[in-house]
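For reference, the structure is listed below as structure tokens.
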Protein chains: 2
Amino acid sequence: MADQKQKLELVKKPTVNDIARVAGVSLATVDRVLNRRPGVRAVTVQKVQKAIDELGYVRDTAAANLARNRVYNFLFVLPDTDNEFVKAISNQIAEQSRDQFIERTRITIKRVAPFEPQDIVNILDAVDSLDVDGVAVFGPETPSVRDAVRRLKDKGVPVVALVSDLPSSERDHFVGIDNVSAGRTAGQLMGRFVHREGKVLVLTGSRLARDHLERRQGFDLVVAEEFPHLEVVASVEGRDDPDLIYKMMPEIFETYPDLVGIYSSAAGNAGLIQFLSENKLSKDLVIIAHELTPLSREALRLGTFDALISQDTGHIVRSAVRLLRATSDKVPFNKAQERIRIDIYLRENLPP
Amino acid sequence: MADQKQKLELVKKPTVNDIARVAGVSLATVDRVLNRRPGVRAVTVQKVQKAIDELGYVRDTAAANLARNRVYNFLFVLPDTDNEFVKAISNQIAEQSRDQFIERTRITIKRVAPFEPQDIVNILDAVDSLDVDGVAVFGPETPSVRDAVRRLKDKGVPVVALVSDLPSSERDHFVGIDNVSAGRTAGQLMGRFVHREGKVLVLTGSRLARDHLERRQGFDLVVAEEFPHLEVVASVEGRDDPDLIYKMMPEIFETYPDLVGIYSSAAGNAGLIQFLSENKLSKDLVIIAHELTPLSREALRLGTFDALISQDTGHIVRSAVRLLRATSDKVPFNKAQERIRIDIYLRENLPP
DNA sequence: TTGAAAGCGCTACCAC
DNA sequence: GTGGTAGCGCTTTCAA
């Protein structure tokens, strides 16, 4: 025990004072070098840098943030829909705002009309880089949005894409799942769960939403490659609208009376669930949907849904905040921790 | 923008100085009240408490830790096996040690002979509450271990159970999955994936390991309830030993030539994989195993395994550290964030 | 039972 | 170019 204690105490990390002492300069100079501020002779920089390296110095961010009284102001831009998934995301933001507040982080949410790129553009363009330290955007990848993100980045504001990627915009990070893989996963489950031969329907959201397109693509690939007993029919666009979906269902079942599976790849599950609850359909009809929400959870529990592909909204929001903070501070982050998993839920592994 | 900025600045959290001013006492007294230290008159405590409540004060832990120069010393007790899962856990600990070091947390690992409760007991009893601020234990739930954990707790040392729960020991938290549900999940997948009638084998680890027992139990329940086409035969104890498992396999297939599924519920997958690679077996044989590791990942990719039930080792270790820290500081934690999910992996949703 | 003051690691302002 | 010093929010002697 004694030696353990000693060992633990020996392991003390060097501070700015240690650097100053070793390099034979003042604290102020050390600080200038650490923060790459101008006004230090190259020779001095060398000396200090040498001390830093020798001592293996790592900055204590907590102390630094305390000293500068740093506060992170982040802005989240979300579609103004009442769908459960978006609601879950905004609930998470609201909830975590409280905790983040203690950690010097202030979060503001702005809502935009769904599928209205111009709204997003207006908000992004109005961001003042002086009072916003980072922006998280959940929106479609249109050319105008892409350009607005670029302009934001040019102003020096870190940007992350939420849920649906904006790869062409040079956003700093994408926080969400790989949607092609998510679609593939749904395809694999569908192929495994459906034992009969027949047709499978894909219910999608919007052609504008990159995530929806990618899911469809992944799903089709796997079913075509691996499950010849299934035929994926032309997909139906539900615009994430429960009422619309509810109204479309009867016609769909008229057109395809031999449907053996439905992949609900977007939002609007409420309409699907309502239709199913009102119509006696084959018990063998396999339904795979997206996102764990109160409604889908209940459908899974009752056996209306057979599986859910999901992404943890709590994780997404925490990850977005951590990434914005890391980008803003120009410090590294833990890649594994920030990877959003493609969750599969069956009735058996639902969280309590 | 101006008003936004103003709003943001108005939202300044109160500090100890504010409390002192409002309560009309000194900083030292505020601190005494905040930390429930003795030597303050009841009236004064009231005054200070009133100010705290009025202002809605929340302590800045970072500043507090800085002032106290607090360092958390945590001990992880792990079985000394070379199985991939345990290796993944210790790799995670090693990796995160570096990051945690910066955050004033020092982690020590102690290894004990696997399935040797006495080893664990010795280590736990040797813990000095003066230089250890928390212990995470990955071990079997025997009476002796339970009692040792109790003694540790009596010494005031926070304890969390890792991976396999120790519910009877009054450990502060359990960090791991619900293993009954994990078994149920495996059962559901097995029932869905196997289309033929036949026998299913459960490969288990040790009778001492609570997690293994629970998985078996959950698996049996679901198969019995929902999948009459399957019969679960007496389970085989592989002691997490790849060689032993490898040697047992031929006899198993002699006894049950009509096996349609194997649920490998414990460690030692290497032996199973080796056997399968050397023997041409029915392509339809469904195999579900536990834990995503390099080996199981490859088996899944090749189609040797059909699904994996897993738990994120990175998350487990981070969670253990956060919980030990929260327990040690007697502060609340985010329950949702600490829930370890039962991950299901198919070939399609493997992380890159 | 209370308070003044120093200091944790770091930053920022003002002098020189 | 460089250094001294005050101060971020909190804790901890030491005195009174």
Side-chain angles (χ1 to χ4, degrees), chain A residues 9 11-49 51-52 55-72 101-106 328-331, chain B residues 9 11-49 51-52 55-72 101-106 328-331:
Chain A
E9 280 177 2
V11 188
K12 257 208 160 264
K13 26 176 227 187
T15 72
V16 275
N17 289 293
D18 298 323
I19 302 177
R21 194 170 26 73
V22 171
V25 298
S26 77
L27 271 187
T29 299
V30 172
D31 187 65
R32 287 187 189 101
V33 174
L34 278 176
N35 296 295
R36 308 187 194 304
R37 268 190 282 268
V40 187
R41 275 184 311 167
V43 223
T44 318
V45 174
Q46 301 294 326
K47 266 198 307 192
V48 175
Q49 195 56 56
I52 292 175
L55 294 170
Y57 171 83
V58 197
R59 182 205 246 91
D60 182 332
T61 339
N65 282 342
L66 176 61
R68 29 176 108 148
N69 227 321
R70 186 163 187 4
V71 170
Y72 301 87
F101 189 90
I102 306 172
E103 281 148 36
R104 329 181 83 82
T105 303
R106 315 281 175 265
S328 174
D329 289 346
K330 302 194 203 326
V331 298
Chain B
E9 280 177 2
V11 188
K12 257 210 159 264
K13 26 177 226 186
T15 74
V16 276
N17 289 293
D18 299 322
I19 303 178
R21 196 172 22 76
V22 171
V25 297
S26 77
L27 272 187
T29 300
V30 172
D31 187 68
R32 289 186 188 101
V33 175
L34 278 175
N35 294 297
R36 309 186 194 306
R37 269 191 280 268
V40 187
R41 275 184 313 167
V43 224
T44 318
V45 174
Q46 300 296 325
K47 264 196 310 193
V48 174
Q49 194 57 56
I52 291 175
L55 294 170
Y57 171 83
V58 197
R59 184 204 247 90
D60 182 332
T61 337
N65 283 342
L66 176 62
R68 320 192 152 142
N69 228 320
R70 187 167 189 356
V71 170
Y72 301 87
F101 189 91
I102 305 172
E103 281 147 36
R104 330 181 82 83
T105 303
R106 314 281 175 265
S328 175
D329 289 347
K330 303 193 205 323
V331 297

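Quick note on labels: first sequence line is chain A, next is B, and so on, each numbered from 1. Here the structure is a predicted model, which means the values were calculated and not measured.
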Exercise. Does N65(B) put a side-chain nitrogen or oxygen below 4.0 Å from OP1 or OP2 of dC8(C)?
Worked result: no
For this session: Choose from dG3(C), dC8(D), dT2(D) the nucleotide whose nearest atom is closest to any side-chain atom of V40(A).
Result: dT2(D)
Exercise. Counting side-chain heavy atoms from C-beta on, which of dG9(C), dG4(D), dT13(D) comes nearest to A28(B)?
Worked result: dT13(D)
Exercise. CG of N69(B) versus P of dG7(C): gap in Å, rounded?
Worked result: 13 Å
Problem set entry | Touch class at under 4.0 angstrom, heavy-atom based, for D31(B) against every strand present | base
For this session: Evaluate the side-chain proximity of V16(B) to L34(B): yes if any heavy-atom separation is below 4.5 Å, no if none is.
Result: yes
For this session: Consider the side chain of R68(B), meaning its heavy atoms from C-beta on, and name the nucleotide among dG9(C), dT11(D), dT2(D) that approaches it most closely.
Result: dT11(D)
Problem set entry | Between dC13(C) (C1') and R37(A) (CZ): distance, integer Å | 11 Å
Problem set entry | Point-to-point distance, once rounded to the nearest 0.5 Å, from OG1 of T15(B) to CG of D60(B) | 10.0 Å
Exercise. For the pair made of OH in Y57(A) and P in dT11(C), what is the distance, rounded to whole Å?
Worked result: 6 Å
For this session: May I ask you to verify if any side-chain N or O of T44(B) is less than 4.0 angstrom from the OP1 or OP2 atom of dT2(C)?
Result: yes
For this session: Rounded off to whole Å, could you give me the CZ-to-P distance for the R70(A) and dG9(C) pair?
Result: 22 Å
Exercise. Over how many whole Å does the gap from D60(A) atom CG to dG9(D) atom P extend?
Worked result: 16 Å
Exercise. Can you check whether F101(B)'s main-chain N or O pairs, donor with acceptor, with R106(B)'s side chain at less than 3.5 Å?
Worked result: yes
Exercise. Within this structure, what is the CD1-to-P distance between I102(A) and dC10(D), rounded to whole angstrom?
Worked result: 12 Å
For this session: Tell me which of L66(A) and T29(B) sits closer to the 5' end of DNA chain C, going by the nucleotide each one is nearest to.
Result: T29(B)
For this session: Return yes if the base of dG9(D) and the side-chain atoms of R104(A) contain a donor-acceptor N/O pair under 3.5 Å, otherwise no.
Result: no
Seminar exercise, completed: Closest to the 5' end of DNA chain D, once L27(A) and P38(A) are matched to their nearest nucleotides, is P38(A)
Exercise. Does a side-chain N or O from S26(B) land closer than 4.0 Å to OP1 or OP2 of dT2(C), or not?
Worked result: no
For this session: Establish, for the pair R70(B) and Y72(B), whether the NZ or CZ atom is under 6.0 angstrom from the six-membered ring centre and no further than 45 degrees off its axis.
Result: yes
Problem set entry | Check: L27(B) main-chain N/O paired with D31(B) side-chain donor or acceptor under 3.5 Å | no
Exercise. Taking the side chain of R32(B) as heavy atoms from C-beta outward, which of dC10(D), dC14(D), dG3(D) is closest to it?
Worked result: dC14(D)
For this session: Could you tell me the separation between the CG atom of N35(B) and the C1' atom of dC10(D), rounded to a whole number of Å?
Result: 9 Å
For this session: Output yes when at least one side-chain N/O atom of R41(B) is less than 4.0 Å from OP1 or OP2 of dT2(C), else no.
Result: yes
For this session: Please state how far atom CZ in R36(B) lies from atom P in dT11(D), giving the value in whole angstrom units.
Result: 12 Å
